Number of protein chains: 2
Amino acid sequence: MDFTIQRRLVLLLFMIGSLSITQAQKVDSIAMGHMALFFSLSDSARPQYQVFYKGKEAIRNAGLGFQLEDDPAFYKDFEVTGIEKTSFDSIWHPVWGQESAIRDHYRQMTVHLRELKSPSRLLDVIFRVFPDGVAFRYYFPKQPGLRYFVVRRELTEFHMTGDDMAFWIPGDYDTNEYLYTQSRLSQVDNKKMVDSSTAIAVRVAPDRYAVQTPLMLKTDQGLYINIHEASLVNYPAMQLHVDRKDFVLSSRLVPDAVGNKAYLQAPEKTPWRTIIISDQATDILASRMILNLNEPNVIKNTSWIHPMKFVGVWWAMQTGKKTWSFSDYPDSTDGKGQLIPNYRHGANTKNVEKYIDFAAKYGIDGVLVEGWNQGWEDWFGHWKENVFDFVTPYPDFDIKEITDYANSKGVKMIMHNETSGSATNYERQMDTAFQLMRRFGYKAVKTGYVGKIIPRGEHHDGQWMVNHYARVARMAAKYHIMVDAHEPVRPTGQQRTYPNWLASEAARGNEYNAFSKGNPPAHETILPFTRLMGGPMDYTPGIFKIKYYSSDSTKQVHTTLAKQLALYITIYSPLQMAADLPENYEAHLDAFQFIRDVPVDWSATRVLQAEPGQYITIARKDKHSSDWYLGAITNENARQTSINLSFLDPDKTYQAAIYEDGKAADWKMNPESYRIRHINVNQHSLLQLKMAKGGGVAIRFKQLD
Amino acid sequence: MDFTIQRRLVLLLFMIGSLSITQAQKVDSIAMGHMALFFSLSDSARPQYQVFYKGKEAIRNAGLGFQLEDDPAFYKDFEVTGIEKTSFDSIWHPVWGQESAIRDHYRQMTVHLRELKSPSRLLDVIFRVFPDGVAFRYYFPKQPGLRYFVVRRELTEFHMTGDDMAFWIPGDYDTNEYLYTQSRLSQVDNKKMVDSSTAIAVRVAPDRYAVQTPLMLKTDQGLYINIHEASLVNYPAMQLHVDRKDFVLSSRLVPDAVGNKAYLQAPEKTPWRTIIISDQATDILASRMILNLNEPNVIKNTSWIHPMKFVGVWWAMQTGKKTWSFSDYPDSTDGKGQLIPNYRHGANTKNVEKYIDFAAKYGIDGVLVEGWNQGWEDWFGHWKENVFDFVTPYPDFDIKEITDYANSKGVKMIMHNETSGSATNYERQMDTAFQLMRRFGYKAVKTGYVGKIIPRGEHHDGQWMVNHYARVARMAAKYHIMVDAHEPVRPTGQQRTYPNWLASEAARGNEYNAFSKGNPPAHETILPFTRLMGGPMDYTPGIFKIKYYSSDSTKQVHTTLAKQLALYITIYSPLQMAADLPENYEAHLDAFQFIRDVPVDWSATRVLQAEPGQYITIARKDKHSSDWYLGAITNENARQTSINLSFLDPDKTYQAAIYEDGKAADWKMNPESYRIRHINVNQHSLLQLKMAKGGGVAIRFKQLD
């Protein structure tokens, strides 16, 4: 059937007058399902591609190629020396994830190109067409004319068909922690956002018309198009420059310290450039194309990799009740040369043991300790190389006692390694740091890169740091440590290759509700369409004390309490924090029951409803039981919807525990109002859900025997 | 007596009309011996200093200070808040060196400066006056107004009194391997030299009027002035921009990847800026001021540190007979995935054992192996990060067998770790690399940094790499490994602090005679006045086959054979290579006897005659016997001289073994002609020495019972 569609499309192609491909040019194509991709050479013999969805043009003819350091023009004057086509269909089983089985089904077309003139360099473009989108990567074959080379620019284009609506953050070399802007492509301009985002410490966005990927687009014809990359290995992150008149998005690679983009050695391949397309927004969220384009798991023994929930000494710091540092006096010591304690230090033995008690009592798997090691008095903002040593605890943090205590309670410890951006310092000590974790039984590390990167001149999202994050994942795997990377490059599906790299931050998390103007209610309805397309995010949901009355009484979380619960479903992560303070959970143990129950690993996922910026409803089935869960969230608008429960197993009855907004709930005026009701349902039930402004619903469907 | 001189000088100061210091300005001074230093504030309240030698101005009033990143003007508008003076006199004993005891004798004046305007930042200048020169460093006290800061420029000046003759190499950020130019300051222009030095792979010298230190100057009044720095720690190397009209030399610090010079945190100090002055050239070479200005030894147990001579699988590679690489086919392997051997690989087990045999037979302490680890097929010039792994030998290098064999013969092994400039890669593996050396009993490592530095954008002589070399020395000390660093920053006396860092290259070594137009005969008469002022150099002397008839028959060493022997005395190093092939030594065993005999550690040194660019005669006493040795070298001119042997111990007779140029010897036409004569001498003898063009004399004075 796919071949029928393909033939139909080729016919269509020659019928559409607006196409600029002439007979003389080499044209070839592949198709699958509703998707078709055409390759051709332009008049200047530049490789180009075009994408159709359901017979309509989704991506216009768009150029490919590079500028290299020597002999720079590597994007035109090519000839096609051959085209190979293959197909692939297989099912694989991730170590953890949103599904227990993932189908990887595509047709592939490899176009072999050779420069017409000497030195006749070779370049392959490998195209894949999936049911849910298209992807392509460049391959530099082994050849005499191109061995070591430097990429000055990648010239890949994504030529949109019109002035699409876009959900975007600035194309910043060092951070993804921006608020999303929803605008037409013609209106993209990141300057104001960059200038005003003063809560983000390091912002480097020299091109005001550049946006980050994953970029979510919606055409006026109702197509949803997501552009990103997969398998970002030994290469800088791709951002997109927006041509606001012609709607051409051009690849902009994050530069290194001297302005180069990538140092490569043939044979080598670039990451995949991915375009996921559907006329259903839900299909975008259901796509596993990016995962499929990553290399399979390289870790043989994965028995030590366990998705988990955790609490931690963290929100108390974010809200100013506790400190990361032991002392408020940098550079000062008492008469005996000891730091002068501030008595508000969070990671002290007693306080950590309180969290261990809490985790043990309520069945939360782990406890994260931040601020446990020396250096926090003066850790940030000085571009200082040797801040932390990663092995020396503060005097009030008894690492041995805490380990023994956690072990006695069956609680897993998570260690924090903040680098303040000094990757060189971390790399020198990484081995020692992981040895310490292993010795004291820590199961996971939360890494951090707050600050300007060292090596100085490098960026968070450049090739050197991209390689660094992977080195961390590999070294951690050696010591059976799971990784949760904060402030790294945004993910591109590498959790398939390194399943111990469970989650990343790389976006604006819940924490911004603590120390800045916060995340507006639409934020969490955009994240799954953008940042989460590449991989799990440690968003740190679960704040119950929505208005936490810090010194600034306007500060609050921009959701209802019920929506905080729903986020455990709508924002997938195998590492989920229950971020609030124990006392705030103990004040709402009925609602906390959902956090206790909700799994972090799933056998199936159904995206039921979704519209970026508006709402998301997702159902998931627990990997280790017959229970289903559902999360529904809305933006700043209240919302009423009915959910067809046909996803439930047939012939089974479920008790639905519904955690929903109270009748008068409202994220701003009355956010902590919720109610919990229990009803029995089955596959044929239709569930009416009401969400307050900034609200949500979380449901556990417990299968009854 | 010193105080008398000081008083006399202060008097003199007010008598000299040309001085621009007015009564209103703060003036203070310190003096010792012939040396006097005056501090004052200029009309703009800029700190400045002036130096007198024997009552005559040697350095004119010259400015001090900095430009910092924020609030940049940190060089004027100061007031003096206090001046402290101290003096110091002590004798210390180096672990090894040119003397067994060194006197550190100076007067110190600390000038406390404070900005007149807010934020009233503090800056100290610490001046020291020694019998042989003056030095000063900046100290940034702990203060609220200056904590973390970035040095954009150091504005230190050295204001010469006239158009001095200078012996200089270009101020290059990445290499010191240039030929010396002898010119007036007004004629300094490095461009031609930089452009033509194509044998040096990485040359970055953006300022054509910048020169490297140590800079050797000679005034028309006959003063010898040497400008350098001491204790280069956590700071970039200083080069000097030459004002060719006013003869002001201004500090130019080597920048980092983003153009900054140094990232500092108060309290912090800069390296010492050193000015050694005498009217005798021999005093320059005898000065130990730079060593005295370095921190004392930090290695407690030094029993494992042994100066030594060594042979190695190296000159055969330099002259094209052998290769570092195992294969001539980069990226290619045979059917079994193995490298395709070229059968000219130098570091193969059999060949290495031949060198071990040779070393054992003739009492040479060590054997250096280069090209033993995988990666050499394609190691250089690609700015590639991960070239070598430092632990994987080539298949024909049996590390275990070689170790056992060397142990059985009592020979010490030296391992080569070439980084090809990728310091990040080396730092990640350093621990493992040193563990390997320790496991297989290697006593020393020769490090190498051929190529552009990684972190990309950093330079060999910048702050980051300066810190790197020290990290290597410290890590090596942890594993009891001695270090011989090739292509590092030029030394500044840190061998006092890290006595396991025995030698460095950091200049144009004997190797250039193998692969470029070579080193002219004057070269070795300049090196001691320049590069060697900072520390020992692994020059690799001892080439006996002067015309080695490679494919290029013009290639030869630019000395006589006798001069090669003399270099073991005139170029001090605790690590001295006997660089030639075993067969070339076995063809001249009588001459080789001198290399076998000559020590590498001394109890006393007498610089008897010296003139930069012309000649050097040095006598040294063995640290472990009563024998004296003497080396005398000349430039391209033949030379006849008589040497007073009053340095010999009184009332003792010595048998002098004199290794001298043959009667018809000539570095170009007849370089391998030498003769050896034996005569008995004592303290009262006068020795007539004749040197051929490009020749030299080496003498062992064996004390007779």
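In what follows, chains are A, B, ... by sequence order, proteins preceding strands, each numbered from 1. As the structure is a computational prediction, the values presented were derived from the model and not from experiment.
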Applying a strict 4.5 Å limit to non-hydrogen atoms, the region of Q429(B) in contact with chain A is neither
Test side chain to side chain contact (heavy atoms under 4.5 Å, CB included), reference R428(B), set M430(A), R471(A), R428(A), output is R471(A)
Checklist line | Whether over 12 other heavy atoms sit under 6.0 Å from Y329(B) OH | finding: no
Distance col, row N386(B):CG vs N234(A):CG, nearest 0.5 angstrom, shows 9.0 Å
pair V150(B)-W383(A): side-chain heavy atoms closer than 4.5 Å: no
From the list E427(A), R456(A), E458(A), the residue making the most non-hydrogen contacts under 4.5 Å with chain B is R456(A)
Find out whether K384(B) and Q265(A) are in side-chain contact, i.e. whether some heavy atom of one side chain is under 4.5 Å from a heavy atom of the other.
yes
Turns out that what part of D378(B) lies under 4.5 Å from chain A's heavy atoms comes down to both
